[in-house]
Every structure is written in C-alpha cells, then in structure tokens.
*Asks:* 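Submitted below is the structure of interest, expressed as structure tokens.
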Amino acid sequence: MTDLRVRPRSIAPLTAVVIASAAFLILAPLQAQTQNPYDSVRQELADAPEEPDAWADADIPAHLSVVDGNATLERDGRIEPALENTPLLAGDRLRTDRGRVSILYADGSSLDIDQFSSIDLLSESLLRLNGGRIRLAVVRVTSAQPLRVDGAGATAWINQPGEYRVSLGDPRATSVELTLATLRGSAELVSSAGRALLRAGTAAATTANTAPTAPWTINVSPNDEFDRWSEEQRSARSGSQSIPYIPSELSVYSGTLDTSGSWEHQETYGYVWYPYVGAGWWPYCDGRWSFIGGFGWTWTGGPRWAYPTHHYGRWGNNSNRWYWIPDRRWSPAWVSWAHAPGYVGWSPLGFDNRPVHGFASSKGSPNWGWTILPSRSFASRVNVRDVAVGADRVPDSTWSQFARRGAPARPSVISVNETPLRAPGVPSRGRAVPRGTIAAPIPIGAARANVSSAPRPGAIAPPSSGRMAPSRTSGASPAAYTIGPSASPYSSISAPTATPDNRARSAPGNGATGGGAELSLGE
C-alpha cells in the first residue's frame, strides 16, 4: 500500500517557500525605494557590448621593435629617447649614438640602423639617409613603387624583395659616397652622372656628381659587428613553438613569444599564451599612452612582447593568470574606458567585446584588470605605473559615479603628422580595423562543432593564413588554421549581432580614441 502520510520533514521546505514569498511581497516596495540609482545603469551597461570607433582610417604602422643603446626619435620638432614598441609616422627622424635600432613593418620587412647614424622615414617608399649605415630586409616591393633611399645627392633604388645594406660616408667630407650592397635581390645605384644595376652579391659606390663604380663582388655573410647584430635580431624574431598558434601576420613575433611565455590549451578558445610576469601584473598597466592624430590614444607597452599582445587579439583571466588570445586584426589598443569626476580608467577587452572583469563587483581583487589614473595625470608620454592609483584610493562617493564613455578627450597639442609609416610596397588598407558590422574575433584552434553554416550579419572574413593550429587531441595531427565568416568560437557565449540601426554592436571597442570603447560596470 502506498504511504500517503505527510512526513514532518517535508513541511519545512514548503513553509520556507511561503515565508520567503511573503517577505518578498512585503519588502519589494521598500527595496524599490532604496535601490541604488546606478544599479539599472550598471545592468544596462553589463548587457551592452562595445561599440566600434570612428578612428580606424589608417594603415598599420611600423614600430620600433628593438632599441639597443642610445637612440632618439624626433617628431614635430620634439626630440625624445627612442622607446621600443613606439609606432612610427612618416616624417619621423631617428638618430643613434652608441646604440642600434631595429624597425619592424607590418608585413615583416625590417630596417636596422647602425651606431652613429641618422635617417628620415619620409614615407613607406622613401628614406633619407643623413649619415651612417642601414640594413633593409624587404618582404615585398613593386616595380610601380620601388623603395628609394636618398643620400648626399645619390639614390639607391630597391626593385625586388631581398636584403640590402646602404651606407653614407662622413657628411662633412668634400665628396660623400653613397654605397649600396645587394645581399639578396636586385637594386640600382643612381647619380646625376649614371646608374649601375646590382645583382645579389655585388656592391657599388657613387657620389652626387660622379657615375657609380663598376659593381664589385662582396661576401654576403655577416662580416662585421653591425651585420652580426642585424642577423641576431632576425634570428630572435624567428620562433618555432608559437608558429602553430598564431596567424601568419604575427609570425615575426614568434621568437619573442617563445622566450617570453608559454602556450596552454584553454577550453573556450583553444591554445592561448601566458606571459612570464610577476604577481600583480595585468594587461595595459605597464607602459604609456600617446595621442597620435591618425589613431588617437595609442598604447606603447614596456616589454617587447607587449606589441603583438596589446595591438592584436584579446585577453582573458584564469585562476589569477592572464592569457592572450591571438587575432590578426590590429588596433591602437583593445581596451574599455571608464570615467568618474577626477579619474579615468581602462581595462583589456575579452573575446566577448566586453571588459574581462566587471568594474564594480570585482573592485580591488588581485586579478581585477582595471587601471585607474587621476585625470590630471593622464597625458601623452606619461609612465602609467608612476601615476596609477589603487582602487582603495578612490572615494566611495566617486566610485559610484564611474560610467561608460569613450577614451579621454584629445589633448590641445597633437602630432602635426598623422600618416603612419606603412610597409614598403604594400597598398593602403584604408582602415586598420573596418568600421561597420564586423564579426567577433575567432580564437585560434576554436571548436567548429555545432556551428551554423550561415554567415553572421555583416561579418568580414579575413584571409586565411594557411597556418596549422594544434589539434585538441594530444598527439593528433594539427588541424588547419582558418578563419571564416561562418565560424563561431563560442559554445556558451553567443556571438553579438547587429542592432536594428545597423551599427556594429559586435565590433570590439577601440580603446585608443574614444569613439565608443566603453565600460561595462557589472560582471
């Protein structure tokens, strides 16, 4: 027989539900009256992805990848110490004293500058050597727009991809010689009195008023200190461990990533990169902001690995460890901004186009990820670590007023020159990150199962790199690394879609210039 008696222990849960429901009905009006006025705003902001910016009308700039010793950068008449990871503009002048500099272009081309040298970076196709020596490794160049190096009234025309060394004698001499050595490729040395074609393994010299010498054979192996230094930088850029996990556009950073961090599998994104950093570090906390007219607020990170990890891809946090998720699109910074009276803050964006951690609910935690500065201290070329304040330094009355906004206003004085130094022979992209509706970044090695074949609205498919990403199965053969408009990296996070007014709610907000990279105040 079925026992229909009600046992006493079954009454307690039912009674608790009834009491809780009654309490809710009684207290709800009181709670509505005392509710924090910012709660609804925080909820709204927490639900809103970042908006696209209007800054992205420029190409990816070259940058200072290595500064070894004393060097200066002159821009708009202002001379400052050259710092690694600084984006370069057309018109910049670099001078070295007892130091050497290496410049890396977006396509992987490089320009190495020897000690006691001076060069003007006039455009992607025109350099002016004022003295000293340079070495060029050119990935691509077109016959319609060859790379030109002028010096003392003579010109070196670089017509093919390859490696070249150009040197200029003492500018104070009566007759200054421009010497061109072709290590690999083809180039011409030209003066007002003639020209000489140089094949691989040859060199020639000329002055402004004399014909170039007959080409002579040279030894193309590194034969002096500058050559060896240049080869060392080239070798340092080549890695093996990171190559399977990054797009081909970032392969020139594989060596730096190999030595500065490690790759581990993360269930949501595939393989991600963990930097070797100390406790208390988070992205965009070690470096400085600079306002560049063509980009807006642009981040210059401290260590060399900060350039690829803070200008490409996004960040995540796991067990108080920050990890980088690669992507091929460049931005001056992938951050979200926050403002309150007297303060400005920013946080790295995650792959859902929102701050990795909410602002209010994670205040002061070790992996919080937000950097806060007094507004009066936020300026170009200011070291962030020198002026940042802890969350406990912000008054509670001010804390509740933090709200989402774009980046801080542009300073009253900005760079006159806004043209980025593009890679030689590369047509203008027009925009670094396209405006309009763009798809959320696709993590490397993301799962493809249960993905709809229909493209997302307005999705833009970057070109496939052809590289291989590791399989999730240990010991299995790598699976092809591809990015397409129909792929979605999210299993538990739905990809953002376009809003009815066709603005790209799904586009990552650019922390660089304040068109719409903003704060989510809740978790």
Side-chain angles (χ1 to χ4, degrees), residues 61-105 108-122 127-138 149 151 163-172 178-179 181 183 221-239 252-253 255-260 276 286-288 290 298-308 310 380-386 421:
H63 69 281
L64 288 170
S65 63
V66 177
V67 178
D68 184 6
N70 297 327
T72 59
L73 171 65
E74 180 179 348
R75 179 178 296 169
D76 298 333
R78 184 187 182 108
I79 300 176
E80 295 182 331
L83 298 178
E84 291 183 355
N85 300 329
T86 299
L88 296 172
L89 303 179
D92 287 347
R93 170 174 288 185
L94 283 166
R95 295 188 184 94
T96 59
D97 186 16
R98 295 186 180 277
R100 296 186 173 97
V101 168
S102 184
I103 296 172
L104 195 58
Y105 293 86
S109 298
S110 63
L111 167 61
D112 295 334
I113 305 173
D114 197 10
Q115 299 182 96
F116 308 108
S117 300
S118 174
I119 188 169
D120 296 335
L121 311 171
L122 301 180
L127 308 174
R128 180 167 59 204
L129 184 60
N130 304 308
R133 292 193 299 171
I134 62 173
R135 269 187 58 146
L136 284 155
V138 183
V149 182
E163 299 175 59
Y164 306 89
R165 184 175 61 235
V166 186
S167 59
L168 188 67
D170 188 347
R172 297 168 296 183
L178 182 70
T179 303
L183 309 179
S221 62
N223 54 21
D224 65 12
E225 187 177 351
F226 176 50
D227 284 336
R228 289 189 289 272
W229 183 88
S230 184
E231 289 296 327
E232 288 174 2
Q233 307 317 308
R234 178 179 178 179
S235 297
R237 288 192 291 267
S238 300
V252 290
Y253 305 107
T256 300
L257 296 172
D258 281 2
T259 58
S260 304
Y276 298 143
D286 182 13
R288 65 178 190 166
S290 295
T298 304
W299 179 256
T300 300
R304 290 177 186 172
W305 53 263
Y307 189 86
H310 288 65
S380 289
R381 297 177 292 274
V382 171
N383 190 335
V384 166
R385 282 194 176 274
D386 293 340
L421 184 68

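In this chain, numbering begins with 1 at the start of the sequence shown. Small disclaimer: the values here were computed from a predicted structure and weren't measured.
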*Asks:* Measure from the side-chain N and O atoms of Thr259 to the backbone N and O of Thr256, and report whether any donor-acceptor pair falls under 3.5 Å.
*Replies:*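 Here the side-chain-to-backbone pair exists.
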*Asks:* Show the nearest heavy-atom pair for residues Pro303 and Asn85, with the distance to one decimal.
*Replies:*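 That would be O-ND2, 2.8 Å.
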*Asks:* Are the side chains of Leu421 and Tyr105 in touch, meaning some heavy atoms are under 4.5 Å apart?
*Replies:*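 Of all side-chain heavy-atom pairs linking Tyr105 with Leu421, at least one is under 4.5 Å.
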*Asks:* To the nearest 0.5 Å, how far apart are CZ in Arg93 and CZ in Arg75?
*Replies:*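 So the CZ of Arg93 and the CZ of Arg75 are separated by 14.0 Å.
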*Asks:* Would you say the side chain of Arg237 lies within less than 4.5 Å of the side chain of Arg304, judging by non-hydrogen atoms?
*Replies:*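 No, every pair of side-chain atoms sits at 4.5 Å or beyond.
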*Asks:* Please list, one pair per line, the donor and acceptor atoms closer than 3.5 Å that link side chains of residues 62-72 to other protein atoms, with sequence neighbours excluded.
*Replies:*
| from | atom 1 | to | atom 2 | distance (Å) |
| --- | --- | --- | --- | --- |
| Ser65 | OG | Ser102 | O | 3.1 |
| Asp68 | OD2 | Trp229 | NE1 | 2.9 |

*Asks:* Can you tell if the side chain of Leu183 reaches within under 4.5 Å of the side chain of Tyr164, non-hydrogen atoms only?
*Replies:*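 No. Closest side-chain heavy atoms not under 4.5 Å.
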*Asks:* Rounded to the nearest 0.5 Å, what separates atom CD1 in Ile113 from atom OG in Ser118?
*Replies:*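 So the CD1 of Ile113 and the OG of Ser118 are separated by 8.5 Å.
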*Asks:* Side-chain contact test, heavy atoms from C-beta onward, threshold under 4.5 Å: evaluate it for Ser117 versus Ile134 and give yes or no.
*Replies:*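 Side chain of Ser117 against side chain of Ile134, heavy atoms only: no contact under 4.5 Å found.
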*Asks:* Minimum heavy-atom separation for Leu104 to Ser110, with atom names?
*Replies:*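 Scanning both residues completely, I find the closest heavy atoms to be CD1-CB, 4.3 Å.
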*Asks:* Under the side chain to side chain contact (heavy atoms under 4.5 Å, CB included) test against Ile119, which residue among Leu168, Asn130, Leu111, Val149 passes?
*Replies:*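 Checked Leu168, Asn130, Leu111, Val149 against Ile119; only one passes side chain to side chain contact (heavy atoms under 4.5 Å, CB included): Leu111.
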*Asks:* Are the side chains of Val382 and Arg288 in contact, using a 4.5 Å heavy-atom criterion?
*Replies:*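 Arg288 does not reach Val382 side chain to side chain.
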*Asks:* Output, in order, the C-alpha distance, side-chain angles, deciding distance and verdict of side-chain contact (heavy atoms from CB on, under 4.5 Å) for Leu121 and Leu127.
*Replies:* CA-CA 5 Å; Leu121 311 171; Leu127 308 174; 3.8 Å; yes
*Asks:* Which heavy atom of Asp92 sits nearest to which heavy atom of Leu89, and what is that distance?
*Replies:*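 Closest approach of Asp92 to Leu89, heavy atoms only: OD2-N, 2.8 Å.
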*Asks:* Does a side-chain N-to-carboxylate-O contact under 4.0 Å join Glu225 and Arg100?
*Replies:*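 Yes, this pair counts.
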*Asks:* Measuring only between side-chain heavy atoms, which start at C-beta, is Thr300 closer than 4.5 Å to Pro87?
*Replies:*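 In contact.
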*Asks:* What pair of heavy atoms forms the shortest contact from Gln115 to Arg98, and how long is it?
*Replies:*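 That would be OE1-CA, 3.6 Å.
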*Asks:* Can a donor-acceptor pair be found, under 3.5 Å and without considering hydrogens, that links the side chain of Asp120 to the backbone of Arg128?
*Replies:*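 Flag not set: sc Asp120 to bb Arg128 has no pair under 3.5 Å.
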*Asks:* For the pair Ser230 (side chain) and Phe226 (backbone), establish whether a donor and an acceptor sit closer than 3.5 Å, ignoring hydrogens and angles.
*Replies:*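 Checked: no pair found.
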*Asks:* Quick check: closest heavy atoms across Tyr307 and Pro61, and the distance to 0.1 Å?
*Replies:*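 Smallest interatomic distance, heavy atoms only, reads OH-O, 3.6 Å.
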*Asks:* Testing the basics here: between Ala306 and Gly301, what is the closest heavy-atom pair and its distance to 0.1 Å?
*Replies:*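 Heavy-atom minimum between the residues: CB-CA, 3.8 Å.
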*Asks:* Decide, yes or no, whether a salt bridge links Arg133 with Asp114 under the criterion of side-chain N to carboxylate O below 4.0 Å.
*Replies:*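 Salt bridge flag = yes for Asp114 with Arg133.
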*Asks:* Donor-acceptor pair, Asn383 side chain versus Arg385 backbone, under 3.5 Å?
*Replies:*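 Yes; judged by distance alone, with no hydrogens or angles, the pair exists.
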*Asks:* Is Arg135 close to Gln233 at the side-chain level, that is, under 4.5 Å between some pair of heavy atoms?
*Replies:*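 Not touching, per the 4.5 Å side-chain cut-off.
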*Asks:* Would you compute the distance between atom CZ of Arg78 and atom OG of Ser380 and round it to the nearest 0.5 angstrom?
*Replies:*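 The CZ atom of Arg78 sits 8.5 Å away from the OG atom of Ser380.
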